[in-house]
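Accompanying notes for the structure given below.
Nothing here was measured: the structure is a model prediction, and the numbers come from that model. We number each residue from 1, following the sequence as shown.
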Amino acid sequence: MDDFIHPESEADLQDQIEEVEALSSIYGDEWCVIDEASRIFCIKISDDLEEPKLTACLQIILPPDYPSAAPPIYQINAAWLRGPERSRLASGLEDLYAEHAGESILYLWVETIREFLVEKSRSSETVDPSEKVNMTTEEEVDDEDDEDDEEAPDLRTLKLNTEHPHLFPDGANDDEAPPIKHGNTITDRRSTFQPHLAPVVTPRQVKMVLEKLYENKKIASATHNIYAYRIFCEDKNSFLQDCEDDGETAAGGRLLHLLQILDVRNVAVVVSRWYGGVLLGPDRFKHINNCARNILVEEGYAAAADEAVKSGAKAKRPKSKKTK
């Protein structure tokens, strides 16, 4: 019995692996693995990537029962962060965990800390120098958030964006196959990865996208065509979502996990892999995620890291359900 591993522990470890892979793809060099065996990680967070005024380091330990039953163990290192400010930020992170208990929470934590830095940096620029130690009140923060919602699109939650009208087709008409975009390839040790993306509002459109892709002989000949999709149902405030490994074990779930963390909606992403005869190990999942993230950013479904910093946008995550 000593060697028995509870199924929940295995599921939690798998969720952690997928979340870390996604975060590494999203944040690049900002994300650092301190001790993989002990599940210790660190990320450098700043208010502005080009001209940072405030920076904090979030150190994280993932316990064996995260995310199903326990929060991450964390420490925020920042010389300027103390007293009421530290308490307010910690309270915000704890509230987020309580709101999303059982879910992967690190992306929301990182972006919440980033928003905190942006807010503090802005308030330091606008208030009287003698009052710079004071933070804006929660009411003022709420007002600022409301103004942001009206004036700027939230790239991560895809509010209406006039630059990308094709993302929001009228109604749920799925009679025609959606337009498909093809992204740049990544090649490693003779294996090639290429992403494809299409706006979708029904599972039938996902099927049409896949059928259209398979009409291309090159794509049809790929060793694997991994896909995932998320469709937002506004009337139920929930998602329809699903994924497929196509023989690349666990790749579909990892790809869907990336879409969830980025909180994208009404989109299907397919990543084709042509195997080159050399085993890539875990690197293959990194390439799949990087391909997918690149095309999502290029097509306006997800903010690039620098855009996310400048927008200060909050990710709102409705409930999700998986289709069969």
Measure the spacing between [atom1] of [X] and [atom2] of [Y] and express it to the nearest 0.5 Å.
X	Y	atom1	atom2	answer
Glu99	Leu108	CD	CG	8.5 Å
Leu81	Cys57	CG	SG	12.5 Å
Ile261	Ser104	CD1	OG	6.0 Å
Tyr229	Asp242	OH	CG	4.5 Å
Leu58	Phe41	CG	CZ	12.0 Å
Leu89	Ile113	CG	CD1	5.5 Å

Please work out which of the three classes, parallel, tilted or perpendicular, describes the rings of Phe232 and Phe239, given edges at 30° and 60°.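 Phe239 and Phe232: tilted rings.
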Using the ring of each side chain (for Trp, its six-membered ring), is Phe116 parallel, tilted or perpendicular to Trp80, with breaks at 30° and 60°?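 Judged by the thresholds at 30° and 60°, the geometry between Phe116 and Trp80 is parallel.
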Asp246/Arg273 under salt bridge (Lys or Arg N to Asp or Glu O under 4.0 Å): CA gap, chis, key distance, verdict: CA-CA 10 Å; Asp246 193 30; Arg273 181 194 180 184; over 6 Å; no
Shortest non-hydrogen contact between [X] and [Y], atoms and distance:
X	Y	answer
Ala292	Val269	CB-CG1, 3.9 Å
Ala268	Val200	N-CG2, 3.8 Å
Pro203	Ile231	N-CD1, 3.6 Å
Thr187	Thr192	OG1-OG1, 3.3 Å
Ala56	Leu117	N-CD1, 4.2 Å

Under a 4.0 Å N-O cut-off, is there an ion pair linking [X] with [Y]?
X	Y	value
Arg88	Glu85	no
Arg265	Glu234	no
Asp283	Arg189	yes
Glu18	Lys286	no

For Trp274, does the six-membered ring have the charged nitrogen or CZ of Lys218 within the cation-pi criterion, i.e. under 6.0 angstrom from the centroid and within 45° of the normal?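 That pair qualifies as a cation-pi contact.
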Donor-acceptor contact present, side-chain [X] to main-chain [Y], <3.5 Å:
X	Y	result
Ser123	Lys120	yes
Ser191	Gly276	yes
Arg230	Gln241	no
Gln16	Pro63	yes
Asp245	Gly247	no

Leu255 vs Cys243, side-chain contact (heavy atoms from CB on, under 4.5 Å): CA-CA, chis, key distance, verdict: CA-CA 8 Å; Leu255 180 57; Cys243 60; 6.0 Å; no
Evaluate the salt bridge (Lys or Arg N to Asp or Glu O under 4.0 Å) criterion for residues Glu119 and Arg122: first the C-alpha distance (whole Å), next the side-chain angles of each, then the deciding distance (0.1 Å), finally the verdict. CA-CA 5 Å; Glu119 173 198 323; Arg122 288 174 179 171; over 6 Å; no
State, without any angle test, whether [X] and [Y] hold a side-chain donor-acceptor pair at a distance under 3.5 Å.
X	Y	answer
Ser121	Asp47	yes
Tyr66	Glu19	yes
Gln75	Asn77	yes

If we check side chain to side chain donor-acceptor pair (under 3.5 Å) with His196, which of these qualifies: Lys181, Lys212, His182? His182
Chi angles and distances behind the side-chain contact (heavy atoms from CB on, under 4.5 Å) call for Asp48, Lys53: CA-CA 7 Å; Asp48 190 299; Lys53 299 182 181 69; 5.8 Å; no
Residue that, paired with Arg284, satisfies side-chain contact (heavy atoms from CB on, under 4.5 Å) out of Glu248, His224, Arg254: Glu248
